[in-house]
2 protein chains.
Amino acid sequence: MTEANTALHADAARPSRREQILQAAAQLFAERGSRAVGVDDVGAAVGVTGPAIYRHFASKDAMLAEMLLRISERLLEGGTARVAAAGDDPMAQLRTLITFQVDFALDNPALITVHDRDLGSLADEDAAQVRRLQRRYVEVWVDVLGRVHPASDAATNRARAHAVFGLVNSTPHSAGRLPRRRTAALLAAMAEAAATAT
Amino acid sequence: MTEANTALHADAARPSRREQILQAAAQLFAERGSRAVGVDDVGAAVGVTGPAIYRHFASKDAMLAEMLLRISERLLEGGTARVAAAGDDPMAQLRTLITFQVDFALDNPALITVHDRDLGSLADEDAAQVRRLQRRYVEVWVDVLGRVHPASDAATNRARAHAVFGLVNSTPHSAGRLPRRRTAALLAAMAEAAATAT
DNA sequence: CCCGCTCGTGAACCACGGTTAACATCCCGG
DNA sequence: CCGGGATGTTAACCGTGGTTCACGAGCGGG
């Protein structure tokens with residue numbers, strides 16, 4: 001694990017074999033589910049044999065773990081950054097969160113799919129870590145929603161946040177049939193209407 | 001398969017062992033994913049050993065297939081029936097569809113979860129059949145949405161329908177923390193706002 | 001030039017889990 | 001009372017797939 005500390009920077013560099021594997025695996029996992037995809041499949045997708053994977057990852061589970069951790073981190077970091085940059089207006093904060101989530105979902109349909117389907121097939125410790133990050137991201141939304149809906153309690157706003165996630169993340173199930181611009185606009189409008197509904 | 005034709009009636013009768021298995025399996029599949037739960041697990045959940053399952057189902061896949069087919073059928077039948085009984089007002093039809101979907105999701109969180117996560121791990125023929133039923137159900141929504149949004153084309157309304165499904169089906173991810181009545185009301189309000197957003 | 005590290009390969013190992021086989025048991029109809 | 005179907009159990013079979021092993025090939029630096 002000597003590269004664990006540099007992983008966050010390394011992926012920004014040239015797409016190393018390691019990154020190719022992660023990307024290909026995300027695609028395959030999204031299509032068939034992580035359990036249905038073999039290491040040989042992942043290897044074949046990047047032009048190597050199955051066992052070659054173990055030069056880059058400790059195990060198949062470690063791959064999935066890193067994948068999910070990265071997604072959760074990107075969402076949390078991106079969400080907090082956007083809110084911080086949006087000023088004090090709650091509605092402005094909400095809108096920036098929505099467009100962020102919509103863009104993320106449209107840019108990474110595979111990651112979104114894996115994110116909330118294969119969390120279950122993860123080692124307890126990794127799953128807990130992912131859930132921690134998820135929870136913090138949800139809290140970012142809950143805070144903003146709390147300012148938009150001063151009369152609602154946190155539990156209600158949590159349900160609101162999850163509902164908006166479900167709405168926006170529906171993209172992978174209906175993607176491709178509509179040009180991206182229109183999809184983004186439609187989802188953003190629906191999400192805002194849903195999030196602000198009494 | 002001598003009981004195939006009476007299956008729809010039989011499950012309404014006393015919960016036979018067969019029905020117990022289906023229900024327990026749905027629960028387990030929802031929690032861990034169909035691939036992660038073994039035949040022994042399902043058996044244990046109803047108080048028998050693993051191989052006993054094969055007295056009631058041809059295979060584990062057959063279990064999943066019947067499960068998904070039933071869900072899809074119930075949604076399609078329920079949806080068409082509700083719309084037919086709602087009169088001519090498009091908004092009334094939309095509202096009845098929304099409350100139907102919300103009630104279904106709140107009543108069967110496990111089925112909803114399995115429904116759109118384990119469709120991939122199904123034999124091609126069964127998967128195609130399920131997808132056919134799903135498509136017809138979506139079309140029920142698209143028809144209604146088409147009358148609510150006369151200016152939108154079918155592709156847009158399809159995306160709208162999927163987004164509303166995602167919103168309503170987010171229930172399993174946030175269920176339990178809020179009393180059911182409040183959850184139902186909140187989801188219905190959000191769904192209607194989202195579905196009618198321009 | 002050659003050590004040693006990186007990245008791969010093909011073969012083998014081994015555990016897990018779906019499935020089948022070979023018996024019990026219970027219970028009902030004749 | 002008896003035979004047979006429904007329902008289970010335990011043991012065994014066996015394909016699949018994750019993982020390890022022993023072994024190259026390329027390659028950059030001392």
Side-chain angles (χ1 to χ4, degrees), chain A residues 1-7 10-11 13-26 28-29 31-68 114 118 120-124 126, chain B residues 1-4 6-7 10-11 13-26 28-29 31-67 114 118 120-124 126:
Chain A
M1 298 291 157
T2 65
E3 77 286 300
N5 40 1
T6 66
D11 62 300
R14 42 41 171 158
S16 62
R17 178 50 54 89
R18 183 181 167 86
E19 296 305 318
Q20 295 177 34
I21 293 175
L22 268 181
Q23 189 176 335
L28 290 173
F29 287 1
E31 289 169 2
R32 307 182 221 163
S34 69
R35 273 234 160 59
V37 175
V39 267
D40 290 353
D41 299 326
V42 177
V46 296
V48 298
T49 59
I53 302 257
Y54 292 86
R55 297 291 170 192
H56 305 274
F57 296 92
S59 69
K60 187 187 166 193
D61 286 338
M63 269 185 46
L64 183 62
E66 178 162 342
M67 196 182 303
L68 295 185
V114 177
D118 293 44
S121 40
L122 215 63
D124 293 351
D126 295 320
Chain B
M1 299 292 159
T2 64
E3 78 286 303
T6 66
D11 61 285
R14 45 31 172 167
S16 63
R17 178 51 53 90
R18 184 181 167 86
E19 296 305 320
Q20 295 177 35
I21 292 175
L22 268 182
Q23 189 176 334
L28 290 174
F29 287 1
E31 290 169 1
R32 306 182 224 163
S34 69
R35 275 220 153 73
V37 358
V39 151
D40 290 352
D41 299 326
V42 177
V46 296
V48 298
T49 59
I53 303 263
Y54 292 87
R55 297 295 171 188
H56 305 275
F57 296 92
S59 69
K60 188 188 165 191
D61 285 338
M63 271 185 45
L64 183 61
E66 178 163 340
M67 195 181 305
V114 177
D118 292 51
S121 41
L122 214 63
D124 294 351
D126 295 321

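Only a predicted model underlies this, so the values are computations on that prediction, with no experimental measurement involved. Residue numbering restarts at 1 for every chain, and letters A, B, ... go by the order of the sequence lines.
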Open item on the list: Holding to salt bridge (Lys or Arg N to Asp or Glu O under 4.0 Å), I want the full list of residues that pass it with Arg32(A), two or more places apart in sequence or in another chain.
Closed with: Asp41(A)

- [ ] Please identify each residue that fulfils side-chain contact (heavy atoms from CB on, under 4.5 Å) with Ala25(B), with sequence neighbours left out.
- [x] Phe29(B), Val42(B), Met63(B), Met67(B)

TODO: Identify which nucleotide among dG8(C), dT7(D), dT10(D) has an atom closest to any side-chain atom of His56(B), counting heavy atoms from C-beta outward.
DONE: dT7(D)

Open item on the list: Output one letter per nucleotide in nucleotides 16-22 of chain C: B when a protein non-hydrogen atom lies under 4.0 Å from the base, S when only the sugar-phosphate is that close, - when neither is.
Closed with: --SBB-B

- [ ] Give the rounded distance in Å between these two atoms: CD1 of Ile53(B) and P of dT7(D).
- [x] 13 Å

Task: Asp40(A): partners by salt bridge (Lys or Arg N to Asp or Glu O under 4.0 Å), with sequence neighbours left out - done: none

- [ ] With sequence neighbours excluded, tell me which residues meet side-chain contact (heavy atoms from CB on, under 4.5 Å) with Ala123(A).
- [x] Asp126(A)

TODO: Using whole Å, report how far CE of Met63(A) lies from P of dG18(D).
DONE: 10 Å

- [ ] Would you tell me if any nitrogen or oxygen in the side chain of Arg18(A) comes within less than 4.0 Å of OP1 or OP2 on dC7(C)?
- [x] no

- [ ] Find out whether Leu68(A) and Val114(A) are in side-chain contact, i.e. whether some heavy atom of one side chain is under 4.5 Å from a heavy atom of the other.
- [x] yes

TODO: Would you please confirm or rule out a distance under 4.0 Å between OP1 or OP2 of dG8(D) and any side-chain N or O of Thr49(B)?
DONE: no

Listed pairs under 3.5 Å, donor-acceptor, residues 44-56 of chain B side chains, sequence neighbours left out:
none

- [ ] Round to a whole Å and report the spacing from CG of Leu64(A) to P of dT19(D).
- [x] 12 Å

- [ ] Using atom CZ of Phe57(B) as one end and atom C1' of dG8(D) as the other, report the distance to the nearest whole Å.
- [x] 16 Å

